[in-house]
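Inspection log for the structure reproduced underneath, given as C-alpha cells.
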Amino acid sequence: MDWSQKLYFTAFLIVAAAIRGIHGYTMVSGTVFCDQCKDGQISLFDYPLNGINVAMACPDNNGQMTTWGEDTTNWLGNFAMKFDGNPDLSGCVAQVTSSNEQGKRGCGTGGGPGKSPRLIFRMFDMNMYTIDPLISQPSDPMSFCPKFSYPQPHPNPVSPATPPSTLPYPPTPSLPRLPSWPPLPPMPHFPYLDASACPHQSWMMPEYRCYWKVINPDLKVGVVFGLIAARKYGSDITLWEGMQGRGEPYKTLLREGTTALLNSYNSVQFPYHPLSVIQHMNWALMGSTQQVMHTALSFLRANSGNGRTTCKFNPCKNQHQRNPPSICSRQTHRKKTSRLYLHQIETLNPLLRGIIEVNPEAQNLADEADRNRGKSFLGELHGIPVLLKDTFGTKDKLNTTAGSYALLGSQVPRDAGVVEKLRNAGAIILGKASMSEWYKFRSLSGVPNGWCARSGQGVNPYCPSGSPCGSSSGCAISVAANMAAVSLGTETHSSIICPADHNSVVGLKPTVGLTSRAGIIPMTPLWDTVGPICRNVTDAVYMLDVIVGSDPRDEVTTEAAKYIPEDGYKQFLKEDGLKGKQIGIVKHPFVEMIHGAIEKSAFEHHLDLLRREGAILVDNLSIPHIEEIMDSNHSGEALVMMVEFKSSINAYLKELITSPVRSLADIIAFNERNSELEKLAEFDQHTFIEAEKTDGYGEEEKKVVDKLKNFSQNGFEKMMKDHKLDAMVVAGSRASPVFAIGGYPAITVPAGYESDGMPFGICFGGLKGTEPKLIEIAYAFEQSSKVRRPPPVVCYILVKFAMNVYSLSALLALTAISLFGWSYIDTCHAFSIKEASISDLHLAFSQNQLTSRQLMEFYLGEISRLNPVLKSVIEVNPDALLEADRADKERNESASSLSMLHGVPILLKDNIATKDKLNTTAGSFSLLGSVVPRDAGVVTKLRKAGAIVLGKASLSEWAHTRALKAPNGWSPRGGQGKNPYVLSADPCGSSSGSAISVAANMVSVSIGTETRGSILCPASSNAVVGIKPTVGLTSRAGVIPVTPRQDTVGYTYSKSTSVNLILLLNDTNTTILTCHMRWLNRPIGRTVADAVHVLDAIVGFDHNDAAATAAAAKFIPRGGYTQFLKVDGLNGKRIGIVRDPFFNFTNNPVLAQAFEKHLQTLRLQGAVLVDNVMIANLETILDFNLSGEASAVLAEFKIALNVYLKELIDSPVRSLSDIIIFNQKNPELEMLKEFGQDIFLAAESTNGIGETELKALRNLSRLTRNGFQKLMKKYKLDALVTAGSSVAAVLAIGGFPAISVPAAYDKGVPIGTCFSGLKGSEPKLIEIAYGFEQATLIRKPPTFLP
C-alpha cells in the first residue's frame, strides 16, 4: 500500500469513527388499509386510511409488553415512528388501536391482526424497519363483497401490561369473481384502472388539479415521505413547491417522486405502487448522489410512460369555470378584443360584406365588461363579442331587418329569447351579420346566396368566386374571416349547415325547439331553429349551452327541454367520442352527388379515419322516398314554407312597436316602390308574391304536412332505429332537406378544400335530442382530422372588387399602396399570434395590440396541447412568463430603442447551453442535471437582443451520433418526434424538434445546429425554412459538439408565403389573411425574413470560439443581411442544376413535375439556369465512409465532446467513456437494447488525430476543392439548386451555407428546395431564397394526417 492509499484509508477511518459517534436513531413505517370485505386480505378496492391510530408494543427485560411508540396515519395511510438509539425491534408488534370520527363512520370500527417490523436498512447507527400493511375493518362488509362465511378476527388492542395473544388466522378461502363495477368506496372517482403516466408538467396544469384528491398540493413533503425527506428538504416545503424543483439531483428527485406518487394513486397499472414510491424515495435519500440521480431518472422514465403509456386523464370539468377555453382563454382585455374585431370589420368588411351593422355601444359594453372582470359569478360568455344574424330582435340601437330596407327603422318590443340568454351570460352583441335577404325567400330562384339589399353580395373568404351559401352566410363569412369569434344563425332548410360547409367553419343546427325562436323574424316556425356558427366544435358547444332552454314565448321549447342533459353539453367534448359509435352511410343520393374528385377522395379518407377512431360504419343504407324529399316542390315542402311564412311574418310585423311595413303585402309594395334600392329588376320577388296568394292551412297543406311527417318517421327515423345508428354521415350539406322536414339536429365540420380553395365540410345528423352523441362524434372527428386552415384572402379580391361599383375602397387601397408604399396603409401592419412573423410581433408590440405575456401564454398553451403528440419540445423554461413580464415592462419604459427580437420567444435545440433553469442534455439522461458554465455564444447574443428563451427542442439524441439504428427525431428524454404533416412520416434530424415546433406553430422561430443535414433535412421534411450558415459565421461555443470542423448554428422558421395585409382573429388566437402583393419593394413577412432578422442578431466574433468566428467575420456585410430581402432577388442570378442525383424523380412523376415547374419559375423571375452540370467525385463525397468523413468525424467527436464535458461545472459524466458506461447501467432508460451505441463505441476506440484521420481530412479538402468549389467558380454560379436535403454532405465537408424553402408535398409529406453557395455567400442566397419564396407561395399549415 503506497502513501496515498494509506492516507485515504486513514481519512476513511476518521470519518467512519466520526459518523459512528453521532447519536443514532431508528425509523419504523407502514400503511393502514381499509379491509372492506373483512376477508383479512388487501384487494383491488381496499384503500389507505387517514386518521387511524397505530401503536407498537415491545417486550421489556422482564418479558412484559410496553408501548414503545404510536402514530396517526396521514392522508396516504402512512404512519412513522422514530426511536432514539438502535433498539432491537424484531420482537415488537404493531397494530391498529383506534381511529378519528371520520374513520369510525367509515372503516375504523375494528383492527386486523398485529404485525412485526422487518429490518430493511442499516448504516452506521441508523436503522430502518417496515411493517407489512395493517388493516382496519368496517362494522359490516361492503354490499358488493361476495357472501360466504369465514371466521372474523377480533380487534386486539395493545396493552402495556399484557403480552399479546397469538391470533390464529385461518386461511382465507378463494374469493369468487366480484360483481362488475361495484359502487366504489371513498377513493378517487376517475378511470384509475387504465394504464396512464403523466409528466410533472401535466400535474402542474390547472386542468389536472382535480386529480390531486388523495394527495393535497399543500401537504408537507415530510408528512408524505417521512422524516428523512423532512430532514433533507425542510419541514415547511409543500408537495406543490416540490414540483417546482429542478437544476440539481435532490430537487429533481422530489419533483419526479411526487409526480410518481400522483401517477401511482391515479392509475393502478403505474409501475410503482404508492408505498413503493415512498420506499424508493427514502432509499435514495439515504444513499449517494448517484443513487439519487438514478432513482430520479427511473421515476422520470416511469412518469413519461416508458415510451409505451401516455397521459390518459381528461381535463377536469370545472363547474366554476367562467370562460370557455377556446373563445375566452386569452387574457386580453375585452376592450382590446372588441377593438380588434371592430378594426378588422372596418378593414375587411368592405370587401367581404359579412356584417350589415355594428353595435355602436360595443366598445362601451367591452369597457364595462373589463370593469366587472374581478367580480364573482360572471357569465360564461362574459365580455365575448357575439355576432347575430340580422333576423334576431335586439332591444338596443341595432336594426333588425332581414337584410331589407323595408324594415329599416323598425323597433322590436324586446330582445329575442336567445339574445336575453346571451346577455345574461355576459356576452357583448357585436352587431348584425348580413344574410340572404328574407332567407332568400323573396325569390328562391332570383336572390343569390349571401345577397341582401342593405349590405350587398357577401363574398366567400376562401374562394371569392364561390358561393358563400345562405341564408346565414354573413355569420359564416365573418367567423371564417375572423371578424367575429362566434355567431348565431338560423336554419329552416340548410341555412346554418350550408354556409358553415362553404366557409370552412362549424355549424350546429339543433333539434327544433331546443333553442327559442321568440323575437326572431320567422320563416317556417314548423322547422325554424337557432344555432351557433363558430370556428371549432368547442366554441359551438359553449354557445349551445348558453342558448338552450325553455322560453314561455316559444311553446315548442317546453317539449324539447327534455332533451337537454343535466350537466350541459360541454361534458360530451371527448376526443374518443367516435369509439363505438354506429354511423350510417347513405350512398344514394348523397355520395353520388359528390362531383369533385378531391372532395370524393377526402370523404373516403374521412370514412377511414372514422373507422380508425373506433366508429362502426354501416354502409349502403337507403331512405325511402328520398328523391321526393330532395325536391322541395315535389314533396310539398315549398308550399308549407309559403303558408307558414305569410302567417308568421304577418304576426311578427304586427308585434313591432314601430315599423314601415305591417304585413307581407306591405313588403311587396315597398319593394315595388323602391325597386332600385331593392334591386327588384335583377332579383324579383316571385316567391313573396306566391306566398301572399296563400290563405293559411287548407286541406292540401295539412296533407302535405302529414306526408312529410310520414316521410320522416318511416324514412330517416326508421333507418336510424332499425340499424341502431348514432348518426348519419354526409359529405357537405346535401342531406339538409332530410334534417329540415323532421326537425332533426346536425353538425358540420370542415373537411377539406378543392383545388381552387373552395371549402367543403362533413355533416353528422341524428334523431331529435341526439346532440350529445353528435357532439362527441363531431369533436372527435375535428380533433383527429384538424383540417381547417385560415382563409387565404388574396389581392385577387381587391383587384376584382376594384373593377366594379361596389369596391371604391378597394380601388383606393390599391392606389394608395402603389403610390405611397405599403407603410401608407396603417391597417396593413398587423400581427398574428398563431403564425406570427417577427415583423408582425414587433409591430403588434409597438401598437399595444399584443404583450409578450399574451404571446408566451399562447405558445405555452399550444405546447401543452400539441406536444404530447408531436413530442418536439423537451423542456419549457419555468421562468418564461417572468421574462415575458420583464420584456413588457422594458417595452413600456423604452419602446423606441428595442430590437426586433425584444420580447420574442425562441426555442433552442437541446444541445445549446443556457445558464438558467433549463437542462442541456442532447436528449440524453446522462447529462440531466449537469450545470453549464455560461450561456452559449449565440444565446448570449439572443438575450442581448431581448429574445426570451422559451425552452429546449427535442432532437435526435446526441445529434444522431450514438447509434446508426436510432430513428430520426428520437431521444430518451423527448421520445419520438412526429412530423406534423403526416405523423407516420420521418421528421428527419437531428434538429427535428426545432422544425416540428415551428411548423406546428408552437413557436414562431427556433434555433438548431447542423453538422451534416441536421437543419436542412428537418426543414425540408416539415415545410419550414432552414438556414445553415457558413461555418464560423455563428459561434459554436457552449454547444454540445459533433465536429467543430463542420458544426454550425442555424435556424428553422415557420413560413408565411406573402406580405401581411390584414389582422384577423383565429380560433383561440389570431392569424393573418395575406395579400400576394409581389410588385411591392418593401417586404413584410416571415420565414426567410425572420431568419435574416435573427441572423443579424447572432453573427459575429466570440472569444470562446475565436478562431472560427474571427475567420468568418469578414463575410458579414456592412448594414447586415436584411438589405438582401428583395422580391426581385432572383433577377440575374446564375443558378446551377445537378440533375443526377438531386433531381432524380424517375418513380415519382408528381414531384418531377413540381420541381420542373419551380425551375421554370426561377427562369421567369429572371434567373439564369445552368443545367446538367456535374460535381466531380460526387459519389465518393456522398458516401460517408468512402470519403473519409466517418474517420475524421469519429475522432473529432471524441476529442470535442470530452473537452465540452470537462468544462461543465457539474455533470454525471465527464467523458465519452462515462456516457457509454451510463448507457450500459441504464439500458432501459436509454433503450440500449433497441438501438445500441455503435457510433459511440467506434468513436471511443479512436486515439486522437493520427495518420488515418489526417489522410481523411486531406481527402475531404481535395474533394471540396475539386468538386463543389471548382463547379461554382467554373460556371460563375451564385448558387446551386437541389431538391430536398440530399446535397447536405457536399456542403458539410466544406462548411458551405445553404437555405431550404418549402417546395412541394409528396402524399402530404413536405419536401423543400435547397439553395447553396460558397462560403460567405449568404447575401446572394437570401436574395434567391426570398425571391423564390415570394414567387411560389407553397407552404400550407400542418395536416396531422396519420
Side-chain angles (χ1 to χ4, degrees), residues 911 913 920-927 930 955-966 968 971-972 989-990 1009-1014 1031-1032 1036-1048 1105 1107-1108 1177 1180-1208 1211-1227 1230-1232 1235-1264 1288-1295:
N911 63 351
T920 305
T921 68
S924 169
F925 283 110
S926 66
L927 275 181
S930 61
L955 71 165
S956 304
E957 188 190 16
W958 293 109
H960 217 312
T961 57
R962 190 191 102 181
L964 290 170
K965 290 170 61 178
N968 281 322
S971 70
S990 65
T1009 65
E1010 171 152 341
T1011 305
R1012 192 183 199 261
S1014 298
V1031 170
R1036 291 85 48 83
V1039 177
I1040 298 176
V1042 175
T1043 167
R1045 180 177 46 82
Q1046 297 178 193
D1047 291 347
T1048 187
D1105 188 11
N1177 302 305
T1180 302
I1181 295 171
L1182 296 178
D1183 190 316
F1184 189 60
N1185 294 303
L1186 188 60
S1187 67
E1189 187 180 0
S1191 299
V1193 168
L1194 289 173
E1196 290 168 331
F1197 173 63
K1198 177 182 176 181
I1199 295 168
L1201 183 61
N1202 287 347
V1203 170
Y1204 172 87
L1205 294 173
K1206 288 176 183 176
E1207 287 184 352
L1208 296 177
S1211 176
V1213 292
R1214 289 295 184 179
S1215 66
L1216 176 57
S1217 62
D1218 288 350
I1219 300 170
I1220 293 170
I1221 294 170
F1222 178 93
N1223 293 343
Q1224 291 169 345
K1225 289 182 177 180
N1226 300 274
E1230 289 283 334
M1231 299 188 73
L1232 196 62
F1235 305 130
Q1237 52 181 337
D1238 51 318
I1239 300 177
F1240 271 7
L1241 295 172
E1244 178 60 22
S1245 68
T1246 64
N1247 192 24
I1249 305 297
E1251 186 57 37
T1252 301
E1253 290 78 17
L1254 289 172
K1255 181 179 178 181
L1257 291 171
R1258 287 193 293 269
N1259 190 48
L1260 292 174
S1261 297
R1262 184 170 56 255
L1263 290 171
T1264 296
V1290 176
L1291 308 176
I1293 64 173

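None of these values were measured; they are calculated from a predicted model.
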Side-chain (Asp1218) to main-chain (Arg1214) donor-acceptor, under 3.5 angstrom: yes
Please step through side chain to side chain contact (heavy atoms under 4.5 Å, CB included) for the pair Arg1012 and Phe1184, ending with a clear verdict. CA-CA 10 Å; Arg1012 192 183 199 261; Phe1184 189 60; 3.6 Å; yes
Nearest 0.5 Å please: distance from the CZ atom of Phe1240 over to the CZ atom of Arg962. 7.0 Å
Within a strict 4.5 Å, meaning less than it, do heavy atoms of the Pro972 and Met1231 side chains meet? no
Criterion side-chain hydrogen bond (donor to acceptor under 3.5 Å, both in side chains) on Ser956 and Ser990, from CA distance to verdict: CA-CA 5 Å; Ser956 304; Ser990 65; 5.3 Å; no
Tightest non-hydrogen contact, residues Leu1232 and Gln1224, listed as CD2-CA, 3.8 Å
Could you tell me whether a side-chain N or O of Ser924 sits under 3.5 Å from a main-chain N or O of Ser926, the two making a donor and an acceptor? yes
Hey, are Arg1258 and Glu1251 close enough for a salt bridge, meaning a charged N less than 4.0 Å from a carboxylate O? yes
Has His960 got a side-chain atom pairing as donor or acceptor with Ala966's backbone, closer than 3.5 angstrom? yes
Could you measure the distance from the CG atom of Leu1263 to the CG atom of Asn1177? Nearest 0.5 Å is fine. 5.5 Å
Separation between OG1 (Thr1043) and CD (Glu1189), nearest 0.5 Å, reads 8.5 Å
Is there a donor-acceptor contact under 3.5 Å from the side chain of Asn911 to the main chain of Pro1041? no
With no hydrogens and no angle check, do the side chains of Ser930 and Ser1211 hold a donor and an acceptor under 3.5 Å apart? no
Specify the closest pair of heavy atoms between Leu955 and Ser971, including all atoms of both residues, with the distance to one decimal. O-CB, 3.4 Å
How far apart are the C-alpha atoms of Trp958 and Leu1201, what are their side-chain angles, what is the distance that settles it, and do they pass the side chain to side chain contact (heavy atoms under 4.5 Å, CB included) test? CA-CA 10 Å; Trp958 293 109; Leu1201 183 61; 3.9 Å; yes
Heavy-atom check, side chain of Leu927 versus side chain of Ile1040, under 4.5 Å: yes
By side-chain hydrogen bond (donor to acceptor under 3.5 Å, both in side chains), Thr961 pairs with (sequence neighbours left out) none
So Ile1220 and Leu1241, do their side chains get closer than 4.5 Å, heavy atoms only? yes
Where Ala1292 and Gln1046 come nearest, the two heavy atoms and their spacing: O-CG, 3.2 Å
Working to the nearest 0.5 angstrom, can you tell me the gap between Phe1222 CZ and Gln1237 CD? 11.0 Å
Among all residues two or more places apart in sequence or in another chain, which pass the salt bridge (charged side-chain N to carboxylate O under 4.0 Å, His left out) test with Asp1105? Arg1036
Measure across Asp1047 and Val1031 and return the closest heavy-atom pair with its distance rounded to 0.1 Å. O-CG1, 3.6 Å
Could you measure the distance from the OG atom of Ser1217 to the CG atom of Asn1202? Nearest 0.5 Å is fine. 7.0 Å
I need the minimum non-hydrogen distance between Glu1230 and Phe925, along with the two atoms involved. OE2-N, 2.9 Å
Quick check: do Phe1197 and Leu1216 have side-chain heavy atoms less than 4.5 Å from each other? yes
Could you tell me if the side chain of Glu1196 sits less than 4.5 Å from the side chain of Thr1246, heavy atoms only? no
Is a donor on one side and an acceptor on the other found under 3.5 Å between the side chain of Ser1245 and the backbone of Ala1242? yes
Sequence neighbours left out, what passes salt bridge (charged side-chain N to carboxylate O under 4.0 Å, His left out) with Glu1253? Give chain and number order. none
Check Ala1243 against Lys1198 and note the closest heavy-atom contact, atom names and distance. O-CD, 3.4 Å
Exam field: side chain Ser1261 to backbone Leu1257, donor-acceptor pair closer than 3.5 Å: yes
Please report the interatomic distance CD1(Ile1249) to CG(Leu1254), rounded to the nearest 0.5 Å. 6.5 Å
